[in-house]
Participant: 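This is the structure I have questions about; it appears just below.
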Amino acid sequence: MGRIHFLHSRYEDAAAIFQEVLQPAIHDDSETAEALHWLGSISGARCEFEKAEQLYTQARAIYARVNGELGQANALQGLGGVYNRQHRVDKAKESLVQAHTIYNKLGKDRGRASVLCELGDIYQAGSEFKRAEDSFIEAQNIYTNLGDAHGRAHTLQGLGSASRLQSKFAEAEEFFSQANSIFNRIGDDMGRANALLGLGEVYFAQSKYGPAKSFFTQALEINTRISNVQGQANALCGIGDLCHKQSEYTEAEACYTQAQSAYDRIGDREGEANTLHMLGDVFKDQSKNIQAVSSYIRAAQNYHFRWRDDKIKSCILGAQDACFGIEDDESQADALSKLAWVCLERNNYCLAVISYIRAAKIYNSQSKHDLVRMQFSSVHYACCHIEEVEIRVNMLCKLAEVCCDQNEWHASFAYMSAGRIYYSQSNYTDAETYFIRAKDCCAVIGEASSQADALSALGEVYNQQAKPSQAALSYTQAGDLYCAWKRYKNAASAYIQAEKAYAHVLNVGGQANALYALGEVYRHQYQYTEAESCYAKAKHLYGRIDNDEGRANALYGLGEVCHHQVESTEPGWYYTLAEEFNRASNDESRGKALFSLGDQYGHPDAETCYTEAKKIYTRIGNHHHQSKNAEAETCYNEAKIIYTDIGNGMGLVKTLLGLGEVYHNQFKIAAAETCYIQAKGLYTEMGDSEGLAKALLWLGEVYRVQSKHSEARTCYSQAEGIYTVIGSREGLAKALLGLGEVYRHQFKHTEAEMRYTMAHSIYIGIGHGEGQGKSLYGLGEIYYHRNEYSSAASRYIQAGDLYCSRRKYTEAACCYVRAERAYTLIFNAEGREEALNKLEMVSSHHPPDFVATIVTVCAN
């Protein structure tokens with residue numbers, strides 16, 4: 001009964017009956033195997049190929065166990081049919097040949113003939129027409145000997161198809177006509193419909209559209225009458241092809257749509273894909289390009305990606321052509337993006353890259369930057385999966401070119417990927433080229449972190465090329481950038497390689513710098529033992545080349561490490577040795593530091609080491625960390641004479657500013673004032689507004705420390721005007737801060753508060769923490785002198801926290817002392833405790849007497 005249901009395409013009823021045989025109560029292996037075989041046939045008819053394969057395989061295994069050779073042959077034939085429909089040709093041939101061998105051994109001619117017909121179909125699909133004809137003829141002879149008219153008619157159909165594909169139309173027509181007569185005589189409507197369909201294809205191939213349409217229509221009528229859905233779909237496709245060929249697009253579209261629906265209903269994905277493909281062609285021919293792209297994409301998604309690569313490529317190319325025909329840019333970009341996604345799904349990575357890039361260009365022209373980035377991200381993925389090296393590099397370069405035009409960071413990725421490909425092949429010349437491009441691209445778009453990666457990769461290339469000097473420079477630059485981005489592990493690796501390269505070329509200075517930088521990295525990662533070792537080695541190397549500033553910096557690093565490493569054998573004076581001199585901003589604060597160091601820590605060598613540090617900084621002329629610096633003054637004066645003699649105004653004015661700063665720090669106020677006035681005059685002559693504003697700021701500072709408030713206010717106001725015009729927010733904030741200071745010392749608190757508030761707002765906007773701290777401290781002073789102690793304390797605390805976050809502990813201590821005093825005056829115990837706790841935290845970064853001095857000075 002199950003077989004009858006199957007033969008009449010009643011698959012649900014047939015499956016239910018065969019499933020009953022598989023119930024646990026039934027233990028007959030032969031019946032189980034036969035039921036599995038029929039269930040496999042049902043699944044195959046439903047286009048459930050993977051399920052059919054599993055069922056046939058299970059049936060074959062049981063038949064093998066019970067020595068059922070005929071059953072094995074039947075199962076192998078079923079497997080061959082399933083593989084063939086999946087276009088797994090080699091597997092299909094293997095299974096069918098095995099089945100043929102068994103049938104031949106058992107003398108089962110009918111089974112042998114049936115297998116020969118299936119092999120004939122496979123051979124003709126592969127254009128092996130001679131082998132196909134031989135198979136069909138051999139099967140025909142067997143069926144003739146058996147008196148099997150039905151089987152003979154099937155072989156005639158096979159021969160008809162082989163002849164049609166070779167353009168032997170007369171022979172093909174004869175074969176199909178004979179098959180039609182036999183099917184008609186024995187009453188096989190399905191066979192007759194297939195024969196008529198074959199005749200229609202023969203006439204269609206000869207452009208005899210009238211007869212072709214007649215045959216297709218007859219086939220459709222028969223299949224509709226017997227409810228053969230697949231046959232209806234096949235006939236509709238034939239009529240659709242005919243209409244399309246005659247430019248009857250509306251009729252063709254209707255036929256293909258009906259056929260696609262029919263294939264979908266029976267689960268024939270390949271049939272559905274074919275009709276969608278043809279629908280795409282119809283839409284494209286009518287310039288309905290958006291619909292065409294949609295149809296092509298759906299077709300490509302329906303074709304099995306492992307076995308129909310040729311069809312998928314055809315759909316993708318059709319969709320690509322249709323995309324270019326879409327006039328609306330946004331629709332075209334959307335279509336290209338969808339097409340690219342299908343290309344990715346179907347492993348066509350090159351076309352995916354091209355489509356994504358074109359879509360990205362359109363999206364970029366529309367300023368849809370999020371969509372642009374999405375396209376580029378997908379291109380990354382696609383490029384990484386292209387196996388052919390040259391093609392992958394070519395695609396990466398296409399991506400990079402587009403990204404560079406749009407300042408996209410993906411450009412650096414593309415160049416880096418290309419460089420790594422060549423590096424892996426030991427092609428260091430090309431690798432160097434692409435890593436340099438990546439580096440330069442990152443520099444242009446401001447991607448410092450990726451630039452560091454490119455520099456590190458360049459260092460590897462230079463190492464392989466035996467170019468240690470270039471390697472050292474690249475690694476050093478990479479390490480510096482990694483540090484800026486707090487990528488300390490990468491920085492450590494880069495500095496280690498740099499140190500090795502410098503050692504190789506006997507560059508002691510470079511080696512010392514690398515070791516010092518490595519120490520800094522380890523210190524930031526709390527790896528104090530490693531940091532201490534690096535600082536000590538750097539200190540030794542700096543000593544060998546008489547680099548006193550480097551030696552002082554290394555000593556400072558050792559101090560930092562020892563301060564945080566209780567178990568270290570080195571004393572805490574390393575920290576103090578460089579710390580106070582780096583922090584102090586004028587002679588007065590240096591004096592306080594010197595005064596406080598006499599009794600610090602109780603270490604016997606503390607004063608000796610402090611004196612050593614003082615000598616080092618005095619000897620090297622560190623202009624920014626030491627005020628009494630005769631060498632700096634001498635250098636600037638000599639430069640001033642030279643610039644004057646050669647008429648280099650820009651060099652002269654910069655020298656005057658530097659010289660003025662030196663005099664200012666030495667409290668040579670009259671000399672500083674003279675320099676700034678001369679600089680102001682030169683900037684005015686040169687028409688350099690920004691330089692003039694800078695000179696006015698310094699001149700304002702000089703007047704302010706002399707309590708020449710009117711002159712200072714004039715300078716700051718002029719600077720404010722210039723910075724407003726040229727749009728320098730930081731310069732404007734400095735001028736406002738200076739005005740705030742002047743007004744505060746004149747007790748014009750309202751005007752001072754307004755300037756401090758404006759400066760603070762600007763500093764917040766530009767992320768300038770130190771400027772925020774200064775303006776908040778100034779506001780605190782205003783509120784303090786107004787007896788608004790709560791508001792004052794709040795500003796002091798905020799300012800102190802900002803200074804702490806920037807390691808400016810002296811300034812922070814002053815703020816916390818003032819906050820403690822304000823809270824005390826309003827009896828706010830909680831606030832006072834907070835200020836004292838913060839002060840205690842800050843005191844850990846200074847000798848105790850230094851903090852005591854601050855408390856004495858700032859509390860008043």
Side-chain angles (χ1 to χ4, degrees), residues 448-449 451-453 455-456 459 471-503 507-545 547-584 609 612-613 616-617 620 622 624-625 769-770 803-810 844-846:
S449 183
Q451 187 180 3
D453 292 332
L455 285 163
S456 181
L473 179 60
S474 292
Y475 280 128
T476 300
Q477 293 173 343
D480 293 345
L481 289 170
Y482 282 135
C483 281
W485 282 81
K486 294 182 171 52
R487 292 175 60 182
Y488 294 125
K489 289 186 178 179
N490 298 106
S493 176
Y495 287 135
I496 287 169
Q497 293 299 324
E499 190 271 335
K500 289 179 181 177
Y502 282 127
N507 185 334
V508 177
Q511 190 180 359
N513 290 335
L515 283 165
Y516 173 75
L518 185 58
E520 291 283 277
V521 168
Y522 284 138
R523 181 166 64 83
H524 284 298
Q525 296 182 93
Y526 309 106
Q527 295 175 251
Y528 297 127
T529 303
E530 294 86 346
E532 184 177 353
S533 174
C534 290
Y535 286 136
K537 290 176 183 177
K539 173 177 169 287
H540 171 71
L541 291 172
Y542 283 130
R544 282 176 53 189
I545 59 175
N547 185 334
D548 291 329
E549 184 172 8
R551 188 167 167 233
N553 288 334
L555 286 165
Y556 170 80
L558 281 167
E560 282 280 275
V561 169
C562 294
H563 179 68
H564 292 94
Q565 192 178 21
V566 178
E567 68 276 12
S568 173
T569 57
E570 295 295 337
W573 54 261
Y574 276 112
Y575 173 84
T576 306
L577 180 136
E579 173 73 1
E580 297 305 327
F581 273 84
N582 278 316
R583 295 246 173 80
C609 293
E612 179 186 351
I616 289 172
Y617 280 103
I620 65 175
N622 190 317
H624 298 292
H625 301 303
E770 188 174 350
Y803 282 129
C804 269
S805 67
R806 282 151 183 79
R807 297 173 57 85
K808 292 187 171 292
Y809 301 118
T810 302
S844 66
H845 297 279
H846 289 280

Participant: Please report the closest heavy-atom contact between A452 and A478, naming both atoms and the distance.
Facilitator: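 Where A452 meets A478 most closely, the heavy atoms are O-CB, 3.5 Å.
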Participant: Please give me the minimum heavy-atom distance between R523 and Y535, naming the atom from each residue.
Facilitator: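 Looking at all heavy atoms of both residues, the shortest contact is NE-OH, 3.1 Å.
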Participant: Residues two or more places apart in sequence or in another chain: which of them pass side-chain hydrogen bond (donor to acceptor under 3.5 Å, both in side chains) with Y495?
Facilitator: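 Y495 satisfies side-chain hydrogen bond (donor to acceptor under 3.5 Å, both in side chains) with D480 only.
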Participant: How close do S474 and L455 get, heavy atom to heavy atom, and via which atoms?
Facilitator: CB-O, 3.4 Å
Participant: Evaluate side chain to side chain contact (heavy atoms under 4.5 Å, CB included) for Y516 paired with C534, printing each intermediate quantity in order.
Facilitator: CA-CA 6 Å; Y516 173 75; C534 290; over 6 Å; no
Participant: Identify the heavy atoms of A538 and A512 that sit nearest to each other, and give their distance.
Facilitator: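 Nearest heavy atoms, A538 then A512: CB-O, 3.6 Å.
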Participant: Applying side-chain hydrogen bond (donor to acceptor under 3.5 Å, both in side chains), can you list everything that pairs with S805, at least two apart in sequence or on another chain?
Facilitator: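 Applying side-chain hydrogen bond (donor to acceptor under 3.5 Å, both in side chains) to S805 gives none.
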Participant: Going by the rule side-chain hydrogen bond (donor to acceptor under 3.5 Å, both in side chains), which residues pair with Q525 if we only count those two or more places apart in sequence or in a different chain?
Facilitator: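 Checked Q525 against side-chain hydrogen bond (donor to acceptor under 3.5 Å, both in side chains); matches are Q527.
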Participant: Run the numbers on Y803 and E770 for side chain to side chain contact (heavy atoms under 4.5 Å, CB included), then give the verdict.
Facilitator: CA-CA 7 Å; Y803 282 129; E770 188 174 350; 4.1 Å; yes
Participant: My understanding is that only residues two or more places apart in sequence, or in another chain, count here; which of them pass ring-ring contact (aromatic ring centres under 6.0 Å, His included) with H524?
Facilitator: Y488
Participant: Got a list of side-chain donor-acceptor pairs under 3.5 Å for residues 496-503, not counting sequence neighbours?
Facilitator:
{"from": "E499", "atom 1": "OE2", "to": "Q511", "atom 2": "NE2", "distance (Å)": "2.7"}
{"from": "Y502", "atom 1": "OH", "to": "T476", "atom 2": "OG1", "distance (Å)": "3.4"}

Participant: So S456 and Y482, do their side chains get closer than 4.5 Å, heavy atoms only?
Facilitator: yes
Participant: Does a sphere of radius 6.0 Å around CZ in R806 hold more than 12 heavy atoms from other residues, nucleotides or ligands, not counting ones at 6.0 Å or beyond?
Facilitator: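 Buried by this count: over 12 neighbours within 6.0 Å.
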Participant: Please name all residues satisfying side-chain contact (heavy atoms from CB on, under 4.5 Å) with A448, sequence neighbours left out, ordered by chain then number.
Facilitator: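 Applying side-chain contact (heavy atoms from CB on, under 4.5 Å) to A448 gives L481, W485.
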Participant: Going through the distances and angles, do E520 and C483 end up as a side chain to side chain contact (heavy atoms under 4.5 Å, CB included)?
Facilitator: CA-CA 9 Å; E520 291 283 277; C483 281; over 6 Å; no
Participant: Nearest 0.5 Å, what's the CG-CZ distance between D453 and R487?
Facilitator: 4.0 Å
